[in-house]
Amino acid sequence: MNKFLILSIFIFLLQNCQSPAPLPSPSPPKTIPQPVETSTVEGHFEITKKTTIKVENEEQRRIAKLFFNHFIQVAGWAPKISNSENADINFITKKELVDEAYELSVKKKKINIYAKDGAGFFYALQTIRQLLPIEFSSDETQEHIRWTLPAVNIDDHPRFSWRGFMLDVSRHFYEKKYIYEILDQMALLKLNTFHWHLTDDQGWRVEIKKYPKLTETGAWRVDYNDHDWEHNRWWGRPTQQPGDEATYGGFYTQEEIKEIIDYAAERFITIIPEIDMPGHSQAAIAAYPEIACDPGPYYVATGGVFKDNTLCPGKEITFEFVENVLNEIMDLFPAKYIHIGGDECNKEAWKKNIDCQNRIKKEGLKNEEELQSYFIKRVEKIINARERNLIGWDEILEGGLAPNATVMSWRGEEGGIAAASEGHQVIMTPNKYCYLDLKQGHTDHEPNLGYSQCLLSTCYNYDPVPEILKDKAKYILGMQGNLWSESLPDWDKTTYMAYPRLFAISENAWSPQSTENWDDFIERLYPQLKRLEQQNILYAKSAFNVWISHRGDGENLLIDLHTEANGLTIKYSLDGSDPHENSELFTEPFLLNKNALIKAAAFKDGKMVGKVTEKEFFVHKAKNAKVIYHTPYKNKNRINAEKYLTDLNYGSNWSVDSLWQEFNSPEVELEIIMENATAINQVRMNFLQMAISGIYMPEHIEISGSVDGSNYTVLVEQSLLENAKVQGRYIQRTILDFPKTMVKQLKINMKTVDPIYMGHHQQGEPSRLFLDEIIVL
Ligand code: ACM
C-alpha cells in the first residue's frame, strides 16, 4: 500500500469518526405516566431526515405532523409523512383496542404504532417524545444530537376517562400564551380535561356579548398584587373604595376562547368551563348589581374571602341572566359537561332578603340550603335542555342533589362517596391530595405561596377509588389536580406550584394502581424535570430539598435531616456556609449544643438536586429556665407545656404546629427565672402572624430584668404596631437589643392586638398570640 493510499484511508476514517455524534447507549424508558406494560428489547431506532412515516388517513396525518414537524425546530429537518408502504414508522388502526389506548413497537429498523382512535395515536407519540433525548423538548436547534429511542414494546391504556387539571384564572389572569403552554404540558402527560375556572369574586374572565359589563367592569380590580415570593397578603387587602382605579385584570374574548378550544382539541383535550354560582359571584354582581339580593354598589374583590358575593335566587331576573350567560357559554364550548361551581355559597343575604324568603315559602322549601338546591336544579334544566351535563363542587349535595348532576368531590372524598352511592358520576379531587395550591414541602423551606400542605408523595400515593366504592368504581369518571391562583400573580409562581405535582396527578389518572411505586416515579421524574428546564419552565424542587427538623429537651437540640425523595446524599454545614460535595455528610440525627445556622442540601451522583435549605437555632442562656405565667396559656393538657418557652423547641410557619404556645388575653405577662445571674444583651421572640386565623404578634413589648427577683429595671421597650398590622402568613422574628446587663430574672409584658384592626379578616375580634420560645442571648 503506498503512502498516499494509507493517508487517504486515515483521512477517510478520521472524517467518518468525526461526523455524527456517537450514539447514546439506550437507557430504559422513563416515562410518566407509567404505561400499563413495557418490555425493552436490545437496540434502538434512530430518526433521521431519511425516516419515512406512513399514515392511513387525514386525522393521522394531522397528528403525525403536529409531532414530527417539531424536528424542523430542533434538527432543521422533519421526517417525511406519506401513505406509501414500506415506511420506517407506521400508523396502523387496530379496532380491538379501547378508547385512547395504543400499542407501540420500536425495533431497530421499524416503529409500528397501533391505536383505535386519534387519541391513541396522539398518546403513542407523547410516549415517543419521552423516549427521545430530552433536547427534543427545546425550541432551539440542537447540535450533535442523534434522535434515538430505545427498542421497546408498550401496551397502554388509561385507567380513567377524566384526567383533569383545573386552573383558576379569576384570582389572577393568565394570557392566552400561558394557557397554550399548560395545554402542551397536559398533552405530554396524557391529561385530557382542562377545567377552566373562569369566574369568581376577583374577576370575570370570559366575554359574554349579552352582558358586556361582565368584562368591562367585572374583569378589573384595584391592583394590590405582591410580586415577591415571601409576601402573600391576598387575605388581607383593602377593599375597593369609590374613586379607586381598577387596573389589574383581563379577560378572553370569544374569538380567543375559540382558538384555545381548537388548540386543546388538536391535543385531545376537552375544555370544561366553570361559571361559579350562586356564590363566588362578586365580579358578576359588581357589573350587574340587580342580580344580587341588595342594591349594592359592589366592587370586584381585590383579594381575600368575601361574604357578600351571592346571586339572588329569589328574583327571576337572576335566572334570566344565568340562562343567557350559560347559553353563550354552551355556544362557545362544545364540552359535554358545564361546571357551575356551587361551592362555598354564603347565604346570609338570602336569610334577610324578601324575594328569597318568598321563594322559600312558595316552593315549599325548608331553608336556605334547599333554596340553593332549588337554584342548582333550575340551572341544571338550562344545561340539560342543550343536552349537556351539569357538574358542581360537592356542596351541591346539600339540600338535595339535582337529578343528573356530576359531583366534583373537593372537601374530602365524602361528597364523592355520597354521590356515587346515589348513582351519580363523580370526579375525585380531594384537597388534601389534589390541591396544587397547597405547599409542597416543609412550610419553612417553601416560598410563601401556599397554605397547608400537599407533598408530591401525598399527591402521588392517592388512589381516587376509595375502598368503600370498589363496587361502585364505574361512577368515578376520574380525578384532577386543581390550581387555585390566589398567591400566583406571576406565571413562574404558577408553574412552580403545578410541577412536579401534575406529573403525579397524571400517573394517578392514567396508570393502573399496580404500577404505583414512589421510588420508581422519582427516577422517572428526573428526565421530565430536565425537559421542563429545556423549556425554561420553573418547577419546585421541594421533594429534593432537605427538611431540617429538630427536637429540644431544654439542654440540647436533636437535629434530623431528610428528603422526601429517597436515595439522596445529604450534606450540611453549621457555620452558615453553603454545603457542597465535601461538606459534612449526614448519616444520623445529631446533638446540637450551640447556636448555629444550619444549611443543608441533597446530592445525587455528586450533583446538588434541590436547593440549599437553612434554619437558625439557638441554644440560649435561658434554656430550661422556669417560666411563671401571670397570664394563662391555652391548652394546658400538653405535656411539659409550662416549659414550652425555654425548651429549645421552635415553631414552624403553620398554626397547627403544636410547638407554638397560645395566649388569648389583651395583656400577656411572663416571668423567666434563670438558674444563675447572667450577662445578657438581647432577647429574641418569634411570633406567628396569620391574619386569616386571627393570629397576631403583639403590638407592644416591654422587658425588664432583675438580679434579686424584686427590683426590676426596664431593659427594652418597643412598639411593634407597624409590623402587627401587616397581614399574611409568616413568622415575625423580633429582635430586642439593650446594653449588656446582669440578670437572673426577666419580666416580659406584651400588649396583644385587641380588637383586630378594621379591614382585616377578623376585624373587631380579640387576636390570638402564638409564641414558641423566649431566646435570651
Ligand atoms: C373550592 O375549592 N372552593 C372548590
Side-chain angles (χ1 to χ4, degrees), residues 162 164-172 193-205 232 234-235 272-284 301 303-311 337-347 369 372-373 375-376 379 390-399 401-402 405-419 424-440 449-454 458-459 462 464 477-488 494 497-498 501-502 505 692 761:
W162 185 294
F165 172 62
M166 187 217 79
L167 183 65
D168 165 15
V169 294
S170 170
R171 273 53 178 271
H172 287 100
T193 309
F194 178 55
H195 168 179
W196 210 359
H197 184 79
L198 284 164
T199 70
D200 214 301
D201 299 322
Q202 293 84 2
W204 183 284
R205 307 281 178 226
N232 175 9
W234 175 266
W235 311 101
I272 309 292
E274 181 184 348
I275 307 296
D276 205 343
M277 61 180 90
H280 286 278
S281 295
Q282 188 153 321
V305 176
F306 284 80
K307 295 177 182 142
D308 198 5
N309 59 355
T310 317
L311 303 185
Y337 294 93
I338 303 293
H339 202 307
I340 55 83
D343 58 321
E344 299 178 313
C345 173
N346 186 294
K347 303 177 182 77
E369 268 67 44
Q372 158 138 344
S373 173
F375 175 89
I376 302 287
V379 174
L390 175 146
I391 303 185
W393 299 107
D394 56 47
E395 286 93 331
I396 65 168
L397 281 151
E398 293 161 9
L401 198 48
T406 298
V407 170
M408 206 167 248
S409 194
W410 75 276
R411 290 179 293 180
E413 291 185 311
E414 295 74 19
I417 292 170
H424 285 258
Q425 292 183 320
V426 167
I427 295 131
M428 283 296 191
T429 181
N431 59 75
K432 200 166 143 194
Y433 305 102
C434 300
Y435 268 34
L436 309 185
D437 53 325
L438 272 51
K439 283 190 181 180
Q440 53 199 314
L449 302 180
Y451 57 101
S452 193
Q453 196 171 63
C454 173
T458 312
C459 193
Y462 176 58
L477 291 182
M479 63 167 301
Q480 68 179 37
N482 292 342
L483 187 46
W484 300 100
S485 63
E486 286 93 339
S487 307
L488 311 174
T494 309
M497 296 306 266
R501 285 180 293 194
L502 204 57
I505 296 285
I692 192 162
H761 195 63

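In this text the structure is predicted, and so the values were computed from the model without any measurement. Both ligands and their constituent atoms are indexed starting at 1 by order of listing.
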Does ligand 1 have any N/O atom under 3.5 Å from a protein N/O, and what are those pairs and their distances?
| residue | atom | partner | partner atom | Å |
| --- | --- | --- | --- | --- |
| ligand 1 | 2 (O) | Y435 | OH | 2.6 |
| ligand 1 | 3 (N) | D343 | OD2 | 2.7 |
| ligand 1 | 3 (N) | E344 | OE1 | 3.1 |

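Heavy-atom contacts from other residues, nucleotides or ligands closer than 6.0 Å to CZ of F194 number more than 12.
Using the six-membered ring where Trp is involved, W484 and Y435 have ring planes that are tilted, between 30° and 60° apart.
Qualifying ring-ring contact (aromatic ring centres under 6.0 Å, His included) partners for F165, counting only residues two or more places apart in sequence or in other chains: none. With sequence neighbours excluded, the residues satisfying ring-ring contact (aromatic ring centres under 6.0 Å, His included) with H195 are H339, W393. Checked against ring-ring contact (aromatic ring centres under 6.0 Å, His included), W162 has the following partners two or more places apart in sequence or in another chain: Y337.
Salt bridge annotation for K347-E395: absent, with no cationic side-chain nitrogen under 4.0 angstrom from a carboxylate oxygen.
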